[in-house]
**Student:** 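Quick one: structure below, then a few questions.
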Amino acid sequence: RLSKVPASYVCETLEDIFPGSIAFSYEAAVILFTSADRLDNSAEARRQFVRLLEEQFDTTTLKVGISSPFSDLYSAR
């Protein structure tokens, strides 16, 4: 079961998939920050990004989501 996989392993895996990103655990979630400057911010590109994340964890019970881009770290939600 994924619940037995350490969050640190999930974070390292995400950082390997998305070079230059930062992943960490927070409460019961794993958060991934990556530069929006490196991504196409169109609606279709955002859907593709979420699909890529979902494909990485398709056999797990993890939920995947994406926030709107932001420039102030303190405004992250």
Side-chain angles (χ1 to χ4, degrees):
R1 278 179 49 91
L2 187 64
S3 62
K4 295 182 180 182
V5 175
S8 59
Y9 174 79
V10 175
C11 292
E12 289 174 20
T13 300
L14 287 170
E15 289 174 347
D16 288 344
I17 295 168
F18 302 103
S21 65
I22 298 170
F24 58 94
S25 60
Y26 176 75
E27 296 181 359
V30 170
I31 311 297
L32 174 73
F33 283 111
T34 191
S35 174
D37 294 340
R38 296 176 34 204
L39 303 173
D40 173 359
N41 199 34
S42 68
E44 180 57 28
R46 291 166 56 91
R47 283 190 290 273
Q48 288 176 349
F49 185 74
V50 170
R51 278 194 296 270
L52 176 62
L53 286 173
E54 289 173 336
E55 288 171 6
Q56 297 301 315
F57 298 101
D58 67 347
T59 60
T60 70
T61 58
L62 292 178
K63 295 181 182 176
V64 174
I66 186 171
S67 74
S68 297
F70 57 89
S71 59
D72 178 8
L73 184 60
Y74 294 105
S75 69
R77 304 250 184 251

**Student:** Let me know which of I22, I17, V10, L14 forms a side-chain contact (heavy atoms from CB on, under 4.5 Å) with L32.
**Tutor:**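 Only one of I22, I17, V10, L14 forms a side-chain contact (heavy atoms from CB on, under 4.5 Å) with L32, namely L14.
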**Student:** Which atoms form the tightest heavy-atom contact between S25 and A7, and what is the distance?
**Tutor:**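 For S25 and A7, the tightest heavy-atom pair comes out as CB-CB, 3.7 Å.
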**Student:** Could you measure the distance from the CD atom of E15 to the CZ atom of F33? Nearest 0.5 Å is fine.
**Tutor:**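 The CD atom of E15 sits 12.0 Å away from the CZ atom of F33.
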**Student:** Return the CD1 to OH distance between I31 and Y26, rounded to the nearest 0.5 Å.
**Tutor:**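 Answer for the CD1-OH pair, I31 versus Y26, is 8.5 Å.
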